[in-house]
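Each chain gets a letter, A, B and so on, in the order its sequence line appears, and its residues count up from 1. Scope of the values below: all heavy atoms of this structure, side chains included, with no hydrogens, waters or symmetry mates. Predicted, not measured: the structure shown is a model, and the values here were computed from it.
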2 protein chains.
Amino acid sequence: MDEDRNRAEDASGSGNGSGSGGKGGHMQIGEVAARTELSLRTIRHYEETGLVVPSARSRGGFRLYTERDVARLMVVRRMKPLGFTLDQMRELLDATDRLDADGPYDDPGDGTTGGRPALLALVRGYERSAAEQVDRLRVQLARAEEFAHDLRTRLDAQAGLAGG
Amino acid sequence: MDEDRNRAEDASGSGNGSGSGGKGGHMQIGEVAARTELSLRTIRHYEETGLVVPSARSRGGFRLYTERDVARLMVVRRMKPLGFTLDQMRELLDATDRLDADGPYDDPGDGTTGGRPALLALVRGYERSAAEQVDRLRVQLARAEEFAHDLRTRLDAQAGLAGG
DNA sequence: AAACCCTACCCTCACGTCAGGGTAGGGTTC
DNA sequence: GAACCCTACCCTGACGTGAGGGTAGGGTTT
């Protein structure tokens with residue numbers, strides 16, 4: 001019922017002796033949530049959209065995540081503030097995965113996503129818009145600071161009126 | 001049809017000699033959009049939620065904004081990155097408006113929102129969470145920069161492989 | 001008549017929240 | 001030692017929300 005109330009906070013999976021199978025293999029969603037600081041709902045949502053799909057499921061259907069999965073989630077967490085959609089993140093993650101996997105070898109390509117040049121172009125595009133978004137974030141931060149400062153100043157003035 | 005396509009960019013209202021009635025009085029939404037860099041839809045949405053209601057309407061129903069309205073929109077634009085809801089912004093704006101309006105005089109209060117002390121407490125609360133949100137923004141910016149940097153580094157590595 | 005505006009409505013995205021049910025693993029009772 | 005229970009954790013829908021975007025169809029201003 002109210003289990004999702006105790007979201008990432010409580011769900012560290014260290015309650016009883018179970019430990020969900022040991023860190024070496026895979027962990028279940030609660031531990032992942034604790035480590036990534038993402039909510040259970042968010043992590044499940046990322047699976048729904050195909051962004052981060054757990055490497056395995058238990059017989060009972062529990063999501064089982066590997067360290068790689070967690071790493072991917074961490075990447076997503078970093079990307080989030082850049083304002084990409086989940087679909088875009090998926091595209092980018094898949095592209096970099098393939099680049100890393102194929103490594104220095106010549107990419108045979110499977111016809112579905114284009115070869116190395118196409119992947120590189122795609123990633124470069126994302127790099128550009130990432131840089132732009134960082135700039136925008138900086139502007140927003142500046143505006144926010146400006147606002148916070150204004151607010152403080154006004155409060156001080158009002159306090160002065162009240163105190164004097 | 002595609003009127004919202006030419007959002008803030010095109011709708012500067014300075015095309016013909018009209019100027020929508022002279023800047024001294026009030027301007028209509030297109031000019032406001034141009035000046036605030038907010039979309040028409042956004043400005044209308046702010047009215048729907050009671051956040052920034054235009055001071056007047058033309059006989060035909062056009063929204064007419066004053067400089068004060070525009071100033072209020074600018075404040076909203078600054079607050080946006082802090083992640084407040086529109087309702088919260090409205091509450092805060094109304095509170096500061098009242099504080100400014102009542103100025104140094106003793107506030108008689110109208111019983112609906114509490115007197116000066118209540119208003120001040122409210123604004124102080126917002127100031128605190130504004131400061132917190134600024135911190136969060138900084139964290140996000142840091143993460144985003146980290147990500148952008150990673151991406152660049154990876155791309156360089158890939159380019160090296162391709163070029164070598 | 002061109003440029004601008006209006007309302008009303010539906011759409012999107014990234015989750016939050018609610019409701020009901022299943023699993024994992026251990027303890028208790030007979 | 002089998003049946004039962006307990007707690008903590010997990011699951012799948014389905015609906016709600018916040019902040020707008022977009023479109024349709026029509027009115028207004030100049």
K.L.:
Quick one: A:Leu86 CG to C:dC15 C1', roughly how many Å, whole number?
P.N.:
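Nearest whole value for this atom pair: 9 Å.
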K.L.:
Side chains of B:Arg136 and B:Gln133: any donor to acceptor distance under 3.5 Å?
P.N.:
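The criterion, which ignores hydrogens and geometry beyond distance, is satisfied for B:Arg136 and B:Gln133.
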K.L.:
Starting the side chain at C-beta, find the nucleotide from C:dC5, D:dG20, D:dA14 nearest to B:His45.
P.N.:
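Ranking C:dC5, D:dG20, D:dA14 by closest atom to the B:His45 side chain puts D:dG20 first.
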K.L.:
Less than 4.0 angstrom between a side-chain N/O of B:Tyr46 and OP1 or OP2 of D:dG20, yes or no?
P.N.:
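Looking at the OP1 and OP2 atoms of D:dG20, one of them is under 4.0 Å from a side-chain N or O of B:Tyr46.
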K.L.:
Using atom CG of A:Leu38 as one end and atom C1' of C:dG16 as the other, report the distance to the nearest whole Å.
P.N.:
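Spelled out: CG on A:Leu38 to C1' on C:dG16 is 15 Å.
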K.L.:
Does a side-chain N or O from A:Ser39 land closer than 4.0 Å to OP1 or OP2 of C:dG16, or not?
P.N.:
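Looking at the OP1 and OP2 atoms of C:dG16, one of them is under 4.0 Å from a side-chain N or O of A:Ser39.
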K.L.:
Is the side chain of B:Arg77 donor-acceptor paired with the backbone N or O of B:Leu38 at a distance under 3.5 Å, no angle test?
P.N.:
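Answer holds: no.
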K.L.:
Say whether A:Asp150 and A:Thr153, considering side chains only, have a donor N or O and an acceptor N or O under 3.5 Å apart.
P.N.:
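No, no side-chain donor-acceptor contact under 3.5 Å.
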K.L.:
Can you find a heavy atom in the side chain of B:Arg154 that is under 4.5 Å from one in the side chain of A:Leu99?
P.N.:
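No, every pair of side-chain atoms sits at 4.5 Å or beyond.
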K.L.:
Mind calculating the distance between CD (A:Glu48) and P (D:dC11) to the nearest angstrom?
P.N.:
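Distance, rounded to whole Å: 11 Å.
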K.L.:
What parts of residues 131-140 of chain B reach DNA chain D, counting only heavy atoms under 4.0 Å away?
P.N.:
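Heavy-atom contacts with DNA chain D come from no residue of residues 131-140 of chain B; none.
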K.L.:
Counting only heavy atoms not in B:Arg138, do more than 12 sit closer than 6.0 Å to its CZ atom?
P.N.:
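Atom CZ in B:Arg138 is packed in, count exceeds 12.
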K.L.:
Which one, C:dA14, D:dA19, D:dG21, comes nearest to the side chain of B:Thr85?
P.N.:
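Nearest nucleotide to the side chain: D:dA19.
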K.L.:
Between B:Arg44 and C:dC6, is there a side-chain N or O to OP1/OP2 distance below 4.0 Å?
P.N.:
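It does, given that an N or O in the side chain of B:Arg44 lies less than 4.0 Å from OP1 or OP2 of C:dC6.
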K.L.:
Give the intermediate values and the outcome of salt bridge (Lys or Arg N to Asp or Glu O under 4.0 Å) for residues A:Glu48 and A:Arg41.
P.N.:
CA-CA 10 Å; A:Glu48 284 170 17; A:Arg41 183 64 182 89; 3.5 Å; yes
K.L.:
Just to be sure I understand the geometry, which residues of residues 50-62 of chain A put a non-hydrogen atom under 4.0 Å away from DNA chain D?
P.N.:
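By residue number: A:Arg57, A:Gly61, A:Phe62.
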K.L.:
Rounded to whole angstrom units, what separation is found between the CD atom of B:Glu47 and the P atom of D:dA19?
P.N.:
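Answer to the nearest Å: 16 Å.
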K.L.:
Using atom CZ of B:Arg41 as one end and atom C1' of D:dG18 as the other, report the distance to the nearest whole Å.
P.N.:
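Between C1' of D:dG18 and CZ of B:Arg41: 12 Å.
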K.L.:
Go through the steps for B:Asp69 and B:Arg72 under the test salt bridge (Lys or Arg N to Asp or Glu O under 4.0 Å), then give the verdict.
P.N.:
CA-CA 5 Å; B:Asp69 296 333; B:Arg72 193 164 161 128; over 6 Å; no
K.L.:
For the pair made of CZ in B:Phe84 and P in D:dA19, what is the distance, rounded to whole Å?
P.N.:
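That distance rounds to 12 Å.
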K.L.:
Establish, with yes or no, whether the OP1 or OP2 oxygen of D:dC10 is under 4.0 angstrom from a side-chain nitrogen or oxygen of A:Arg63.
P.N.:
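No, A:Arg63 has no side-chain N/O under 4.0 Å of OP1/OP2 on D:dC10.
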K.L.:
Is the shortest heavy-atom distance from the side chain of B:Tyr126 to the side chain of B:Glu91 under 4.5 Å?
P.N.:
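SC-SC contact between B:Tyr126 and B:Glu91 confirmed.
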K.L.:
Could you tell me the separation between the NE2 atom of B:His26 and the P atom of C:dC5, rounded to a whole number of Å?
P.N.:
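Atom NE2 in B:His26 sits about 14 Å away from atom P in C:dC5.
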K.L.:
Show your working on salt bridge (Lys or Arg N to Asp or Glu O under 4.0 Å) between B:Lys80 and B:Glu37 and close with a plain yes or no.
P.N.:
CA-CA 13 Å; B:Lys80 265 172 66 178; B:Glu37 294 174 77; over 6 Å; no
K.L.:
Measure from CD on A:Gln28 to P on D:dC11 and round the result to the nearest Å.
P.N.:
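Rounding to the nearest Å, CD of A:Gln28 and P of D:dC11 are 8 Å apart.
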